[in-house]
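Below, each value reflects all heavy atoms present in this structure, side chains not excepted, and no hydrogens, waters or symmetry copies. The sequence lines fix the lettering, A, B, ..., with proteins before strands; numbering per chain opens at 1.
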Number of protein chains: 2
Amino acid sequence: MPKPALTREDVLDAAARLVERHGPGALSMRGLAAELDTAVTSIYWHVGNRESLLDALAEATVDRLATVRATGRTPRQRIVSVARALRRDLLEHPQLIAVVHERGLTERMFVPAQRALIREVHAAGLRGARAAAAVRAVQFQVVGYVLVERNRERAPVRARGGAARWDASAADHDPPLARALAHPVDSERLFVTSVRALVDGLLTR
Amino acid sequence: MPKPALTREDVLDAAARLVERHGPGALSMRGLAAELDTAVTSIYWHVGNRESLLDALAEATVDRLATVRATGRTPRQRIVSVARALRRDLLEHPQLIAVVHERGLTERMFVPAQRALIREVHAAGLRGARAAAAVRAVQFQVVGYVLVERNRERAPVRARGGAARWDASAADHDPPLARALAHPVDSERLFVTSVRALVDGLLTR
DNA sequence: ACCTGAACACCGTTCAAGT
DNA sequence: ACCTGAACACCGTTCAAGT
């Protein structure tokens, strides 16, 4: 039986899998061809070149991001829920999100969440420039976190001992603090804490 | 006159310049050799290979980070001043900071600022796990911002029109908000706003 | 101790040629 | 319209050989 024809979608899917598994750096046109059991040059016919392949990957990732629904009673709770949902979505494909960010599509990636954030910030009583700043502050907070977390995963922990020593010396009078800083970060917890604090700070005053 | 002997420092300096100018991806061993007017293989004698060259670059960048001094009267002001100083330091060499982050040295990079943050958070009355969370929240906030900003510079703005259309539709009843969101972000301003809000949220309650 | 060129296995991309 | 192999210029790295 003849080999089924290669489609642009086949190429994008395989590329997305490879990127998600080992990062964008590990995506080679030749390796991708091997994965698809085809000649390297066929890929060029379908997607142009490596650059536009990554562009297409970024676009597809942005388009696949679902609209977030806010949950909770107060605007504060609802904003935090949007941030958490957004982070969860992004963390499902951290490497692809990194590609999106690298290619300058970060703003577009936020469009669905932005609508929800605008609504909630408005409901909380913020208007005009202050509302815009609040929306953007939350957006930056979320992407920043995801980018930081992504690299924390890839490069587990090095020189932990060194950091712990410093912490101890600086937090001498507060052993619980020193102990807390010696433990690895609980990202989810820290994220929620930070977003809550940020939102509180943005809404009050 | 004979060519002056090549040193490890020569190699690291030239590499740092190349990375800072065009990003880590643009650093090739052969290009570096050309820049230093030497054979590629000499570089290997001095720094091992590309991987450990980047490691060394990250280490050197971390070591060069000056200790930050807090300024201002209240703990709140002093924490914000540390965050701003840190961001300023990091933004001076955004590409090298990205290398540091990629190689998992982010925590070590923060050691100097961490001492200052611990002191101020303590002065603000936080203790134990809550103090640790506050310190880390500020740290994450700063790196996150720098990482986001670095990519914003590299990939200016694309599809601005698309984003503007969405914003308008979502912020219909608040023209100033719509206008504010259509303008490009003032990163410095947004950063200060966010850090203030975060710190306020962390300290109160 | 330091530097060199040759060589290897990889890479992205182009192109002329096939069906 | 789709796929192919050959070829080009690049890359990181190793190694045996020089001084």
Practice task
Say whether B:D55 and B:S52, considering side chains only, have a donor N or O and an acceptor N or O under 3.5 Å apart.
Solution key: no

Problem - NZ/NE/NH1/NH2 to OD/OE distance under 4.0 Å, B:R103 and B:E51 - result: yes

Fill in the blank from the handout: If one requires at least 3 consecutive Watson-Crick or G-U pairs with distances under 3.5 Å, the stems of DNA chain D turn out to be C:4-8 with D:12-16, C:12-16 with D:4-8

Problem - Interatomic spacing from CZ in B:R76 to CG in B:D200 - rounded to 0.5 Å - result: 4.0 Å

Handout entry: Rounded distance (Å) that lies between atom C1' of C:dT4 and atom CG of B:D37
Key = 13 Å

Problem - Non-neighbouring partners of A:Q77 that pass side chain to side chain donor-acceptor pair (under 3.5 Å), sequence neighbours left out - result: none

Please tabulate the protein-to-nucleotide N/O contacts below 3.5 Å involving nucleotides 16-19 of chain C, giving atom names and distances.
none

Problem - Check ion pair B:R84-B:E188 (N to O, under 4.0 angstrom) - result: yes

Please write out the pairs of protein N or O atoms and N or O atoms of nucleotides 9-13 of chain D separated by less than 3.5 Å, giving the distance to one decimal.
| from | atom 1 | to | atom 2 | distance (Å) |
| --- | --- | --- | --- | --- |
| D:dC11 | OP1 | B:S28 | OG | 3.3 |
| D:dG12 | OP1 | B:M29 | N | 3.0 |
| D:dG12 | OP2 | B:M29 | N | 2.9 |
| D:dG12 | OP2 | B:R30 | N | 3.4 |
| D:dG12 | N7 | B:R30 | NH1 | 2.3 |
| D:dG12 | O6 | B:R30 | NH1 | 3.2 |
| D:dG12 | O6 | B:R30 | NH2 | 3.3 |
| D:dT13 | OP2 | B:Y44 | OH | 3.2 |
| D:dT13 | OP2 | B:R50 | N | 2.8 |

Exercise for the section: Quick one: closest heavy-atom pair of A:P94 and A:L91, and the distance? Expected result: CD-O, 3.1 Å

Problem - Atom-to-atom span, CD1 of B:I43 to P of C:dC3 - whole angstrom - result: 11 Å

Practice task
Measure the distance from CH2 on B:W45 to C1' on C:dT4 and round it to the nearest whole Å.
Solution key: 14 Å

Completion exercise
Rounded to the nearest 0.5 angstrom, the CG-CD1 distance for A:L6 and A:I43 is 7.5 Å

Handout entry: Pair B:R64 + B:E92: basic N to acidic O under 4.0 Å
Key = no

Practice task
In whole angstrom, give the distance that lies between atom CG of B:L36 and atom C1' of C:dC2.
Solution key: 15 Å

Handout entry: Among A:L54, A:V62, A:L57, side chain to side chain contact (heavy atoms under 4.5 Å, CB included) partner for A:V100
Key = A:V62

Practice task
Please name all residues satisfying side chain to side chain donor-acceptor pair (under 3.5 Å) with B:S194, sequence neighbours left out, ordered by chain then number.
Solution key: B:Y145

Practice task
Respond yes when some side-chain nitrogen or oxygen of A:H46 is under 4.0 Å from OP1 or OP2 of D:dA1, and no when none is.
Solution key: no

Exercise for the section: Apply side-chain contact (heavy atoms from CB on, under 4.5 Å) to B:R88 and list each qualifying residue two or more places apart in sequence or on a separate chain. Expected result: B:A85

